Amino acid sequence: MDQFVIALLSVLVMSIVWFIKVFFISDKRTPPLPPGPRGLPILGYLPFLSKNLLHQFGDLARQYGPIYKLYLGNKLCVVINSPSLLKEVVRDQDSIFADRDANIAALTATYGGNDIAFSPHNSRWRAMRKIFVREVLSSSSLQASYNLRKDEVKKAIRYVYNNTGKRVQVGELSFGTELNVIMNMLWGGIVEGEEGQRVGDAFREVVIKLVDLLGKPNIGDFYPVLARFDIQGVKKEMEGYVQSLDRIFEEVIARYRQKLSGETKKQGKTDFLQVLLELKEKEDSEMSMSLTHIKALFVDIVAGATDTTATTIEWAMAELLNNPKAMANVQNELSEMVGLNREVEEFHIPKLKYLEAVLKETMRLHPAVPLSLPRSPTQTSIVGGYTIPKRTRVFINIVWIQRDPSIWDSPSEFKPERFLHENKKYDFSGNNFHYLPFGSGRRICAGLPLAERMLMYLLASLLHSFEWKLPDGETVDMSDRFEIVLRKITPLLAIPTPRLSEPNLYA
Ligand code: HEM
């Protein structure tokens, strides 16, 4: 019999067993599973999934409350929609829920989960996270790499200046700027000029597609027995992207080694690639890394940093263009704190309280990763009085919590002032379970220190250097599209005019 038919029959039998178990045999001693829509035998809720999963998860939260379950094929998923249950997951039982439930696309993209984001919660993850946070994102490293960010932000401002009066795609500009910053931090000046441009273009094209594919529903994830048939071709497509990235990584690493062998080892500050290659040599150390780990980490950093930052800047600009009063407040603050005869520097950022409130409010309404990255318990546990079986895929509905009318006054309105008055109460640390755009607990976003700096710095520079308006007769389309990242469906196009007093400030 054809292997595929055998696999289908196995799915059928397993599903029937599952259906009987779930609906007819319940163990009276253990709490029940959370409530939720029943779905169909074998398929579960799969046939009812809508195009915008995020909106659908919201509708289900309205119907089933703070915690609900749904079966996608054989896969049990649980969605958490309230701060108190979120606390149970990411604080009270953080170590149990610290595993990820990586889908096939994510495992393929990260060389089998050899990265930080999709790795299981184990000692390797701990070591990699420690290296990343300590070596790349410590405040001294970030301080030392300020000139890299400054050069790239200046480049972006120059580009906008040269397009005065024309339509500028804000998201694309932010994506390119963040990507260049990241590449410079990873491997410094190893690929520069036209070569750097070529690598950047190649990266950009692949990364956007790769991130989109991470969020695509894939039959193989819902019926593991069908995974090897790769019915929708998700794995194959992802392998293609990984090969393209791999070629770039190999090329850069080879050049790097060549460069290092030709010079005496750099003393003091080194870039990330050098740190990792040195660790690779120390095979006995608990921090040692294989080339595969290094590449997987690069995928994480490039994919984790670019789309999230770009989409957040785009939403912030869109909200400000829709709210002229908030735009005027931001620009007045910039005029006062920075001055129209100077460009923004990172040291100005702590003084920009209104801009910080704008960023927080943007990330409340449009968190870039609105369902966080799925967690998964390593053992069966109880949340909110319901059983969450081992290996369930647990989604944290960040956007639902951040728009909950019982927590937030006029939740769908853009009101940065709410963060002005309660500045201390809400930060990005994930300790306040009403507000967690970067996640929470031990798997909170590892790139947070860089993200926070770049978001504020780039946003401040774009808003200080230019007046922005929409093309005549156009309005901002605020509809969103959810993959793994929450994107604007229609890219924001806005028209800049210079605002600073001297043309040479744009040179
Ligand atoms: C607007 C910017 C960003 C947002 C909103 C964001 C959001 C998130 C969220 C929600 C998570 C999951 C946290 C959890 O499970 O609790 C995450 C994880 C992660 N992010 Fe970010 N992120 C951003 C920027 C960045 C940047 C700039 C980098 C790298 C330079 C980065 C690297 C990572 C990594 C490596 C993880 C996995 C952490 C782990 O599993 O231990 N992110 N991010």
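Counting starts at 1 for both ligands and their atoms, in listed order. As the structure is a computational prediction, the values presented were derived from the model and not from experiment. Numbers here simply count residues along the sequence, with the first being 1.
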Peer 1: What are the atoms of ligand 1, with element, lying closer than 4.0 Å to any heavy atom of S440?
Peer 2: 16 (O)
Peer 1: Is there side-chain contact between T490 and M478, with at least one heavy-atom pair below 4.5 Å?
Peer 2: no
Peer 1: Checking salt bridge (charged side-chain N to carboxylate O under 4.0 Å, His left out) against D99, which of R391, R442, R375, K390 comes through?
Peer 2: R391
Peer 1: Taking atom types as modelled, find out whether H366 and E319 have a side-chain donor-acceptor pair closer than 3.5 angstrom.
Peer 2: yes
Peer 1: Could you find the nearest protein heavy atom to atom 1 (C) of ligand 1 and give me its residue, atom name and distance?
Peer 2: T312 OG1, 3.4 Å
Peer 1: Looking only at heavy atoms, is any part of L455 under 4.0 Å from ligand 1, and if so is it the side chain, the backbone, or both, or is it neither?
Peer 2: side chain
Peer 1: Closer than 4.0 Å to some heavy atom of A368 - which atoms of ligand 1 meet that?
Peer 2: 5 (C)
Peer 1: Describe, in one word, how the ring planes of F428 and F438 are oriented to each other, choosing from parallel (under 30°), tilted (30 to 60°) and perpendicular (over 60°).
Peer 2: perpendicular
Peer 1: Considering only heavy atoms of M363, which atoms of ligand 1 have at least one such atom less than 4.0 Å away?
Peer 2: 1 (C), 5 (C)
Peer 1: Less than 4.5 Å apart, any side-chain heavy atom of L76 and any of I388?
Peer 2: no
Peer 1: Is it the side chain (CB and beyond), the backbone, both or neither of P367 that lies under 4.0 Å from ligand 1, heavy atoms counted?
Peer 2: neither
Peer 1: Compute the shortest N/O to N/O distance between R100 and ligand 1 and return yes if it is under 3.5 Å, no if not.
Peer 2: yes
Peer 1: Any N or O on R443 sitting closer than 3.5 Å to an N or O of ligand 1?
Peer 2: yes
Peer 1: Here's a test for you: under side-chain contact (heavy atoms from CB on, under 4.5 Å), which of L486, V399, L54 qualifies with L371?
Peer 2: L54
Peer 1: Specify the protein heavy atom at minimum distance from atom 12 (C) of ligand 1: its residue, its atom name, and the distance to 0.1 Å.
Peer 2: S372 OG, 3.5 Å
Peer 1: Do H293 and S290 meet the criterion of a side-chain donor-acceptor pair at a distance under 3.5 Å?
Peer 2: yes
Peer 1: May I ask you to determine how many protein N/O/S atoms are under 2.8 Å from atom 21 (Fe) of ligand 1?
Peer 2: 1
Peer 1: Mind checking whether F419 and Y435 have ring centres under 6.0 Å apart?
Peer 2: yes
Peer 1: Is any N or O atom of W125, backbone or side chain, closer than 3.5 Å to an N or O atom of ligand 1?
Peer 2: yes
Peer 1: Please check if the side chain of R129 supplies one atom and the backbone of A117 the other of a donor-acceptor pair under 3.5 Å.
Peer 2: no
Peer 1: Would you mind checking which non-hydrogen protein atom is closest to atom 16 (O) of ligand 1, with the distance to 0.1 Å?
Peer 2: R375 NH2, 2.9 Å
Peer 1: What part of D300, side chain from CB on, backbone N/CA/C/O, both or neither, has a heavy atom under 4.0 Å from ligand 1?
Peer 2: side chain
Peer 1: Are the side chains of K415 and S410 in touch, meaning some heavy atoms are under 4.5 Å apart?
Peer 2: yes
Peer 1: Go through the side-chain N and O atoms of N432 and D427 and say whether any donor and acceptor fall under 3.5 Å apart.
Peer 2: no
Peer 1: Answer side chain, backbone, both or neither: which part of F132 comes under 4.0 Å from ligand 1, heavy atoms only.
Peer 2: side chain
Peer 1: Do E152 side-chain atoms and T177 backbone N/O form a donor-acceptor pair below 3.5 Å?
Peer 2: no
Peer 1: With no hydrogens and no angle check, do the side chains of Y354 and N329 hold a donor and an acceptor under 3.5 Å apart?
Peer 2: yes
Peer 1: Taking 4.0 Å as the limit for heavy-atom contacts, which would you say applies to P437 with ligand 1: side chain only, backbone only, both, or neither?
Peer 2: backbone
Peer 1: Counting only heavy atoms closer than 4.0 Å, does ligand 1 sit against the backbone of R129, its side chain, both, or neither?
Peer 2: side chain
